[in-house]
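One-based numbering, in listed order, for ligands and for the atoms of each. Computed from heavy atoms alone, side chains included, the values below leave out hydrogens, waters and symmetry copies.
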Amino acid sequence: MKIFSGIQPTNQLHIGNYLGAIAQWIDLQKDNECIFWIADLHALTVPYQAKELQKRTLEVVATYLATGIDPEKSIIFRQSDVKEHSELAWLLSTITPVGDLERMTQFKDKSQKHKANINAGLLNYPVLMAADILLYQSNRVPVGIDQKQHIELARTIAKKFNKKFGETFIVPEGLYSKLGAKIMSLKEPTKKMSKSDSPDSFISLFDSPEQIKKKIASATTDSLKSVKYNPEKQPGIANLLTIYSLFAEQLIKEIEKEFANKGYAEFKQGLALLLIKKLKPFRDKKEEIAKNPELLKDILENGAKKARLIAQLTMQKVKQAMGLV
Ligand code: TYM
């Protein structure tokens, strides 16, 4: 099976990115052909500092390595190093109705958030995403649930292209974690945890023990005083239980029992200690990797070489099918 997924270098990655996406990748890496890459072209659609982008891209590579992605097993590359992404995005945009793009929830959200910068790239974002996936003839795309609408559009575009120009693309399927597909914000637990919100609303994968304790202690809960999984009435506690369950690899029912008759403070302390323990190896490994920035650049260079070969092969097929060769 060919597995393909990527992350935008927009900020430090958080436990939502890990539980929704990277944790699935680590499992899939064992028995599949995997490509895990960095979506730097997508990151240009929201305001950013040019000087920061390169640094953030290398940080995402370091994060992949620190969490267990193995460059010997999986291809790791940077989107802008493979020009076929932009080329295919243009070609696919010619068969994508504008109405489909205007309907995308992310486009609506981001246009709302960045009113002064509603650029065409923001609208075309899902077409570039379809190009990413289809270039590598991927079968499965492990992502969080927030990307589902984009994956469905990529499927629609692939089917439409195959029908119009002949079988060219594999129609990919999204893969969503059962419990971790949507980790919520610590501050507003009815909203997803997001890299672009205030740092208090997420736990970064490299937060210090003190930061973890502070953020978990101040996470929004409720006044019901019972550690029970009830996302409707107790979205904050339900979110913390989900995070606990995934990191401890323990059923929510068992955790509820463990904390029955105990207060939120005790539960939060338990969760903070668990996170400190589970994230420590990531922090240690990242520190080690940071000593060798050349390694990260080498990985990207090698990865780009491998990725280009696959992408070029698909582009040849596409151009032939569309009458460009
Ligand atoms: P990005 O960078 O926003 O997020 C990276 C991955 O993390 C998942 N994720 C979450 N999962 C659970 N709970 C959360 N709170 C949470 N927040 C984020 C995302 O679903 C994603 O899997 N558009 C993509 C990048 C991309 C891509 C692609 C992915 C571009 N082209 C092609 C797959 C295939 C994005 O913005 O992810």
**Request:** Using modelled atom types only, decide if a donor and an acceptor are shared between the side chain of Gln234 and the backbone of Leu224 within a distance under 3.5 Å.
**Result:**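 Pair absent, no side-chain N/O of Gln234 close to backbone of Leu224.
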**Prompt:** Side chain of Lys268, backbone of Ala219: donor and acceptor closer than 3.5 Å?
**Reply:**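 Here the side-chain-to-backbone pair exists.
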Nearest to [atom], what protein heavy atom do you find, and at what distance?
| atom | value |
| --- | --- |
| atom 31 (N) of ligand 1 | Asp132 OD2, 2.8 Å |
| atom 28 (C) of ligand 1 | Met129 CG, 3.3 Å |
| atom 25 (C) of ligand 1 | Gly6 O, 3.7 Å |
| atom 37 (O) of ligand 1 | Gln147 NE2, 3.9 Å |
| atom 13 (N) of ligand 1 | Ile183 N, 2.9 Å |
| atom 4 (O) of ligand 1 | Asn17 ND2, 3.5 Å |
| atom 1 (P) of ligand 1 | Lys195 NZ, 3.6 Å |
| atom 10 (C) of ligand 1 | Gly16 O, 3.5 Å |

Pairwise side-chain contact, [X] with [Y], heavy-atom cut-off 4.5 Å (strictly under):
| X | Y | result |
| --- | --- | --- |
| Arg155 | Pro172 | yes |
| Ile35 | Ser138 | no |
| Ile15 | Phe202 | no |
| Met184 | Thr242 | no |
| Lys187 | Ser218 | yes |
| Leu275 | Ile243 | yes |
| Phe169 | Gln137 | yes |

Aromatic plane relationship, [Y] with [X] - under 30° parallel, 30 to 60° tilted, over 60° perpendicular:
| X | Y | result |
| --- | --- | --- |
| Phe77 | His85 | tilted |
| Phe267 | Tyr244 | parallel |
| His150 | Tyr125 | tilted |

At less than 4.0 angstrom from any non-hydrogen atom of [X], what atoms of ligand 1 do you find?
| X | answer |
| --- | --- |
| Lys182 | 12 (C), 13 (N) |
| Ile133 | 32 (C), 34 (C) |
| Gly20 | 11 (N), 12 (C) |
| Gln8 | 2 (O), 35 (C), 36 (O) |
| Gly180 | 12 (C) |

**Request:** Could you name the option among Asp146, Ile15, Leu175 that has the heavy atom nearest to atom 20 (O) of ligand 1?
**Result:**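 Shortest heavy-atom distance from atom 20 (O) of ligand 1: Asp146.
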**Message:** Measuring from atom 12 (C) of ligand 1, which candidate in Ser185, Ala39, Ala23, Ala181 has the nearest non-hydrogen atom?
**Reply:**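 Looking at heavy atoms only, the winner is Ala181.
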If the contact criterion is a heavy-atom separation under 4.0 Å, does [X] count as touching ligand 1?
| X | value |
| --- | --- |
| Trp37 | yes |
| His14 | yes |
| Gln106 | no |

**Prompt:** Taking non-hydrogen atoms only, is Val141 closer than 4.0 angstrom to ligand 1 via side chain, backbone, both or neither?
**Reply:**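 Looking at Val141 and ligand 1, just side chain atoms fall under 4.0 Å.
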**Asked** Backbone, side chain, both or neither: what part of Ser194 comes under 4.0 angstrom of ligand 1, heavy atoms only?
**Response**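 It is neither; nothing of Ser194 touches ligand 1.
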**Request:** Measure centre to centre between the rings of Phe4 and Tyr136, then say whether the value is under 6.0 Å.
**Result:**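 Between Tyr136 and Phe4, which both carry aromatic rings, the centre distance is below 6.0 Å.
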Tell me whether [X] has any N or O atom under 3.5 angstrom from an N or O of ligand 1.
| X | result |
| --- | --- |
| Tyr125 | yes |
| Met193 | yes |
| Ile7 | no |

**Message:** Within the supplied structure, the quantity of interest is the number of heavy atoms (other residues, nucleotides, ligands) at a distance under 6.0 Å from Lys257 NZ; does it exceed 12?
**Reply:**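 Not buried by this count: 12 neighbours or fewer within 6.0 Å.
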